[in-house]
Novice: 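The structure that follows is given in the form of structure tokens.
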Amino acid sequence: MENVIIIGSGCAGWTAALYTARANLNPLLVTGQMPGGLLTTTTLVENFPGFPEGVDGFQLMMNMQQQAERFGTRTRMASIVTSVDLSSRPFKVTIDSEVVEAKSVIIATGAGHRHLGLESEKLLDTKGVTYCATCDGALPMFRNKPLVVVGGGDSACEEALYLTRFASVVYLVHRRDTLRASKIMADRVLANNKIKPIWNTTVEEILDVKQDVVTGVRLKNLISGEESTIDCSGVFVAIGLIPNTQLFKGVIDMDDAGYIIPTHGAHTNVPGVFVAGDCADKHYRQAITAAAMGCMAAIDAERFLQDEA
């Protein structure tokens with residue numbers, strides 16, 4: 001019988017593991033197929049406190065893992081949770097093919113970026129293709145260079161506005177003729193001289209796979225069918241996130257987009273089940289906020305178990 005099972009190994013999961021381990025709860029953390037989460041795909045993290053020169057995203061996750069394991073966290077590396085039964089306690093969590101019982105569960109499964117679905121996008125990932133301006137926009141490879149943002153919602157507008165601090169020009173490529181963003185965000189974007197909207201257009205290919213670095217994009221106008229190419233040093237895809245919460249649908253309360261809704265603090269609608277990180281956060285989506293939520297979930301779980309003792 002586990003005191004707590006933590007599902008997910010990003011900033012939220014490892015922080016929850018650290019806190020529950022230090023509380024002598026002997027947590028079991030299941031990493032999933034992508035140990036460390038999305039941050040492991042970021043080459044340089046410059047906005048996580050405590051690293052004045054920045055830190056490699058993969059190394060930051062390794063540091064968190066080592067810190068959590070130092071205090072007794074047990075890790076199921078590269079294992080996945082295939083099903084959960086939260087209908088009664090103890091909860092039953094199937095890890096790979098093994099059913100494990102737990103007094104409490106912390107969901108820290110994160111979210112995945114919605115992709116364009118292009119082969120060139122996949123091949124140039126981290127080589128000029130990125131999904132987080134706040135994470136990567138200040139990198140030297142993007143400074144004073146033309147950049148492309150794909151999308152038309154609030155996230156895309158936020159990315160474009162942020163990138164104007166570093167880019168020579170920001171092309172905002174959107175498949176419609178108006179932005180889907182809130183009026184205040186749209187107004188800010190349209191009033192910014194460094195942002196050049198390209199309407200009714202999709203990205204057909206990211207160049208150049210042969211050079212193994214982003215050099216431009218091939219575009220297609222959806223009305224005229226005309227194709228064109230623009231030079232750029234980076235493509236920031238901002239067409240949304242998909243929370244990794246499919247396992248919990250129908251049991252844990254979620255919004256229409258699949259983000260888990262906490263009832264108070266890190267509690268969910270199921271007593272003994274807690275949530276942390278990007279699977280419950282569609283607003284901030286930062287490593288530091290995910291870590292903070294992991295701390296909250298751990299403290300809430302510890303107090304929950306204490307009240308039952």
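One is the number of the first residue; the rest follow in order along the sequence.
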Novice: Kindly give the heavy-atom pair with the smallest separation between Ala280 and Val275, and that separation in Å.
Specialist: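 Here Ala280 and Val275 meet closest at CB-CG2, 3.7 Å.
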Novice: Keeping Glu159 on the side-chain end and Ala133 on the backbone end, is there a donor-acceptor pair under 3.5 Å?
Specialist: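 Yes; judged by distance alone, with no hydrogens or angles, the pair exists.
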Novice: Examine the side chains of Ser9 and Thr31 and answer whether a donor and an acceptor come within less than 3.5 Å of each other.
Specialist: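 No, no side-chain donor-acceptor pair sits under 3.5 Å.
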Novice: Hey, is OH on Tyr259 packed in by over 12 heavy atoms from elsewhere, all under 6.0 Å?
Specialist: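 Yes, OH of Tyr259 has more than 12 neighbouring heavy atoms, counting only those of other groups under 6.0 Å.
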Novice: Hey, is the main chain of Lys92 close enough, under 3.5 Å, to the side chain of Glu101 for a donor-acceptor pair?
Specialist: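 No.
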Novice: Honestly curious: do Val100 and Leu247 fall in one hydrophobic cluster under the side-chain, below-4.5 Å linking rule?
Specialist: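 Looking at the clustering, Leu247 is in the same group as Val100.
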Novice: Look up atom CG in Leu124 and atom CG in Asp212, then write down how far apart they are to the nearest 0.5 Å.
Specialist: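 One finds 6.5 Å between CG of Leu124 and CG of Asp212.
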Novice: Between Cys11 and Thr15, which heavy-atom pair has the shortest distance, and what is it?
Specialist: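 Distance-wise, the nearest heavy atoms are O-OG1, 2.7 Å.
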Novice: Would you say Asn63 and Gln67 are linked by a side-chain donor-acceptor pair, where the criterion is simply a distance under 3.5 Å?
Specialist: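 Looking only at side-chain atoms, Asn63 and Gln67 do not form any donor-acceptor pair under 3.5 Å.
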Novice: Does Lys220 have more than 12 heavy atoms from other residues, nucleotides or ligands lying within 6.0 Å of its NZ?
Specialist: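 No - once you tally the heavy atoms of other residues, nucleotides and ligands closer than 6.0 Å, there are 12 at most.
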Novice: Starting from the C-alpha separation in whole Å, work towards a yes-or-no answer on side-chain contact (heavy atoms from CB on, under 4.5 Å) for Phe236 and Leu147.
Specialist: CA-CA 8 Å; Phe236 292 76; Leu147 302 175; 3.9 Å; yes
Novice: Can you check whether Ala138's main-chain N or O pairs, donor with acceptor, with Arg143's side chain at less than 3.5 Å?
Specialist: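 Checking the backbone N and O of Ala138 against the side chain of Arg143, a donor-acceptor pair under 3.5 Å is found.
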Novice: Can you find a heavy atom in the side chain of Ile195 that is under 4.5 Å from one in the side chain of Thr164?
Specialist: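 Yes, their side chains come closer than 4.5 Å.
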Novice: So, for Ala167 and Lys194, which heavy atoms are closest and what is the spacing to 0.1 Å?
Specialist: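 Looking at all heavy atoms of both residues, the shortest contact is O-NZ, 2.5 Å.
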Novice: Tell me if a side-chain donor or acceptor on Gln286 pairs with a main-chain N or O of Tyr284 at a distance below 3.5 Å.
Specialist: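 Yes; judged by distance alone, with no hydrogens or angles, the pair exists.
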Novice: When you compare the side chains of Asp96 and Ser79, does any donor N or O come within less than 3.5 Å of an acceptor on the partner?
Specialist: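 There is such a pair (donor and acceptor under 3.5 Å, judged by atom type) between the side chains of Asp96 and Ser79.
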Novice: Using ring-ring contact (aromatic ring centres under 6.0 Å, His included) as the criterion, list what pairs up with His264, not counting sequence neighbours.
Specialist: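 Expected list: His267.
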Novice: Quick one: is the NZ or CZ of Arg22 closer than 6.0 Å to the six-membered ring centre of Phe71, and within 45° of its axis?
Specialist: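 Checked: cation-pi criterion met.
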Novice: Does the side chain of Thr20 pick up a donor-acceptor pair with the side chain of Glu302 at under 3.5 Å?
Specialist: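 No donor-acceptor contact under 3.5 Å links the two side chains.
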Novice: Just verifying a value: how many Å separate Thr263 OG1 and Ile261 CD1, rounded to the nearest 0.5 Å?
Specialist: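 If I round to the nearest 0.5 Å, the distance is 10.5 Å.
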Novice: On a heavy-atom basis, which atom in Ala181 and which in Cys157 lie closest, and how many Å separate them?
Specialist: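 In terms of heavy atoms, the two residues are closest at CB-SG, 3.6 Å.
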Novice: Measure the shortest side-chain to side-chain distance between Ile230 and Leu219 over non-hydrogen atoms and say whether it is less than 4.5 angstrom.
Specialist: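 Of all side-chain heavy-atom pairs linking Leu219 with Ile230, at least one is under 4.5 Å.
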Novice: Is any side-chain heavy atom of Ile198 closer than 4.5 Å to a side-chain heavy atom of His174?
Specialist: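 Ile198 vs His174: side chains apart.
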Novice: Can you list the steps and then say if Glu205 with Val217 is a side-chain contact (heavy atoms from CB on, under 4.5 Å)?
Specialist: CA-CA 6 Å; Glu205 184 181 8; Val217 290; over 6 Å; no
Novice: Report yes if the side chains of Ile80 and Ile95 come closer than 4.5 Å at any heavy-atom pair, otherwise no.
Specialist: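 Contact flag for Ile80/Ile95 side chains = no.
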Novice: Are Val105 and Phe304 connected in a single hydrophobic cluster, I mean Ile/Leu/Val/Met/Phe/Trp/Tyr linked by side-chain heavy atoms less than 4.5 Å apart?
Specialist: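 Not linked; separate clusters.
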Novice: Report the distance from atom NE2 of His113 to atom CG of Asp278, rounding to the nearest 0.5 Å.
Specialist: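 The CG atom of Asp278 is 8.0 Å from NE2 of His113, to the nearest 0.5 Å.
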Novice: If we check side-chain contact (heavy atoms from CB on, under 4.5 Å) with Val99, which of these qualifies: Thr94, Asp85, Thr82, Val93?
Specialist: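 Passing option: Thr94.
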Novice: So does Ala266 get a backbone contact from the side chain of Asp300, meaning a donor-acceptor N/O pair under 3.5 Å?
Specialist: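 The answer is yes, because a donor-acceptor pair under 3.5 Å joins these two groups.
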Novice: Could you check whether Arg285 and Ser155, counting side-chain N and O atoms only, form a donor-acceptor pair closer than 3.5 Å?
Specialist: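 Looking only at side-chain atoms, Arg285 and Ser155 do form a donor-acceptor pair, the distance falling under 3.5 Å.
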Novice: So which atom in Ala160 and which in Leu172 form the shortest heavy-atom distance, rounded to 0.1 Å?
Specialist: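 Closest approach of Ala160 to Leu172, heavy atoms only: CB-CD1, 4.5 Å.
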Novice: Assess whether atom CG of Asn193 is packed by more than 12 heavy atoms of other residues, nucleotides or ligands within 6.0 Å.
Specialist: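 For Asn193, atom CG is not crowded (no more than 12 foreign heavy atoms under 6.0 Å).
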Novice: Drop me the distance from Cys295's SG to Tyr19's OH, to the nearest 0.5 angstrom.
Specialist: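 If we round to the nearest 0.5 Å, Cys295:SG and Tyr19:OH are 4.0 Å apart.
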Novice: Is any NZ, NE, NH1 or NH2 atom of the basic residue among Asp154 and Arg180 found under 4.0 Å from an Asp or Glu carboxylate oxygen of the other?
Specialist: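 So Asp154 does not pair with Arg180 through a salt bridge.
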Novice: Considering residues, nucleotides and ligands other than Arg74, do more than 12 of their heavy atoms fall under 6.0 Å from its CZ?
Specialist: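 Yes, the 6.0 Å shell around CZ holds more than 12 heavy atoms from other groups.
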Novice: I'd like to know if Asp187 and Lys183 make a salt bridge, using a cut-off of under 4.0 Å between side-chain N and carboxylate O.
Specialist: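 Yes, Asp187 and Lys183 are salt-bridged.
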Novice: Could you state the interatomic distance from CD1 (Ile7) to CD1 (Ile106), rounded to the nearest 0.5 Å?
Specialist: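 One gets 10.0 Å once the value is rounded to the nearest 0.5 Å.
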Novice: Does one hydrophobic cluster hold both Val129 and Met34, with members joined at side-chain heavy-atom distances below 4.5 Å?
Specialist: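 As far as the 4.5 Å side-chain criterion goes, Met34 and Val129 are not connected within one cluster.
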Novice: On the 0 to 90° scale, with breaks at 30° and 60°, tag the Tyr131-His115 ring pair as parallel, tilted or perpendicular.
Specialist: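 Parallel, since the angle between the ring planes stays under 30°.
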Novice: With a 4.0 Å cut-off on N to O distance, would you call Arg89 and Glu308 a salt bridge?
Specialist: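 Yes, Arg89 and Glu308 are salt-bridged.
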Novice: Taking atom types as modelled, is there a side-chain donor on Asp208 or Gln211 under 3.5 Å from an acceptor on the other?
Specialist: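 Looking only at side-chain atoms, Gln211 and Asp208 do form a donor-acceptor pair, the distance falling under 3.5 Å.
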Novice: Checking Thr268 side chain against Val273 main chain: does a donor-acceptor pair fall under 3.5 Å?
Specialist: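 Indeed, once roles are kept as given, a pair shorter than 3.5 Å links the two residues.
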Novice: Between Asp125 and Glu121, is the side-chain contact (heavy atoms from CB on, under 4.5 Å) condition met? List the steps.
Specialist: CA-CA 6 Å; Asp125 192 3; Glu121 172 191 20; over 6 Å; no
Novice: With no hydrogens and no angle check, just 3.5 Å: does a side-chain donor-acceptor pair link Thr109 and Asn244?
Specialist: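 No donor-acceptor contact under 3.5 Å links the two side chains.
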Novice: Verify the distance criterion only: is there a donor paired with an acceptor across the side chains of Asn200 and Arg175 at less than 3.5 Å?
Specialist: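 Not at all, the side chains of Asn200 and Arg175 share no donor-acceptor pair under 3.5 Å.
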Novice: Please check if the number of heavy atoms outside Lys122 that lie under 6.0 Å from its NZ is greater than 12.
Specialist: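 Check fails, neighbour count at 12 or below.
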Novice: On a heavy-atom basis, which atom in Asn26 and which in Glu2 lie closest, and how many Å separate them?
Specialist: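 Heavy atoms of Asn26 and Glu2 come nearest at O-OE1, 3.9 Å.
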Novice: Testing the 3.5 Å rule here: is there a donor-acceptor pair between the side chains of Ser228 and Glu226?
Specialist: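 No donor-acceptor contact under 3.5 Å links the two side chains.
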Novice: Would you say that more than 12 heavy atoms from the other residues, nucleotides or ligands in this model lie under 6.0 Å from the CD of Gln306, or not?
Specialist: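 Enclosed: over 12 neighbouring heavy atoms sit under 6.0 Å from CD of Gln306.
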Novice: Side-chain contact, heavy-atom cut-off 4.5 Å: Trp14 with Met61?
Specialist: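 The answer is yes, as the side chains (C-beta and beyond) meet within the 4.5 Å cut-off.
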Novice: Is Phe274 reachable from Leu25 through a run of hydrophobic residues whose side-chain heavy atoms are each under 4.5 Å from the next?
Specialist: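 They do share one cluster, since a chain of ILVMFWY contacts under 4.5 Å joins Leu25 to Phe274.
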Novice: Would you check if Asn192 and Leu161 make a side-chain contact, meaning some heavy-atom pair closer than 4.5 Å?
Specialist: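 Side-chain contact under 4.5 Å: yes.
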Novice: Judged by atom type as modelled, is there a donor-acceptor pair below 3.5 Å linking the side chain of Thr201 to the main-chain atoms of Trp199?
Specialist: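 Confirmed, Thr201 side chain pairs with Trp199 backbone.
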Novice: Within a strict 4.5 Å, meaning less than it, do heavy atoms of the Val203 and Leu118 side chains meet?
Specialist: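 SC-SC contact between Val203 and Leu118 confirmed.
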Novice: Same hydrophobic cluster for Leu163 and Met185, using side-chain heavy-atom links shorter than 4.5 Å among ILVMFWY?
Specialist: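 Looking at the clustering, Met185 is in the same group as Leu163.
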Novice: With rounding to the nearest 0.5 Å, note down the distance linking CD1 in Ile107 to CZ in Phe248.
Specialist: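 Here the interatomic distance stands at 4.0 Å.
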Novice: Run Lys103 and Leu305 through side-chain contact (heavy atoms from CB on, under 4.5 Å) and show every step you take.
Specialist: CA-CA 8 Å; Lys103 298 177 183 177; Leu305 293 173; 3.8 Å; yes
Novice: Would you mind reporting whether Val45 and Cys135 have side-chain heavy atoms less than 4.5 Å apart?
Specialist: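 Cys135 does not reach Val45 side chain to side chain.
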Novice: More than 12 foreign heavy atoms under 6.0 Å from CZ of Arg218: is that the case here?
Specialist: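 It does: Arg218 CZ has more than 12 such atoms within range.
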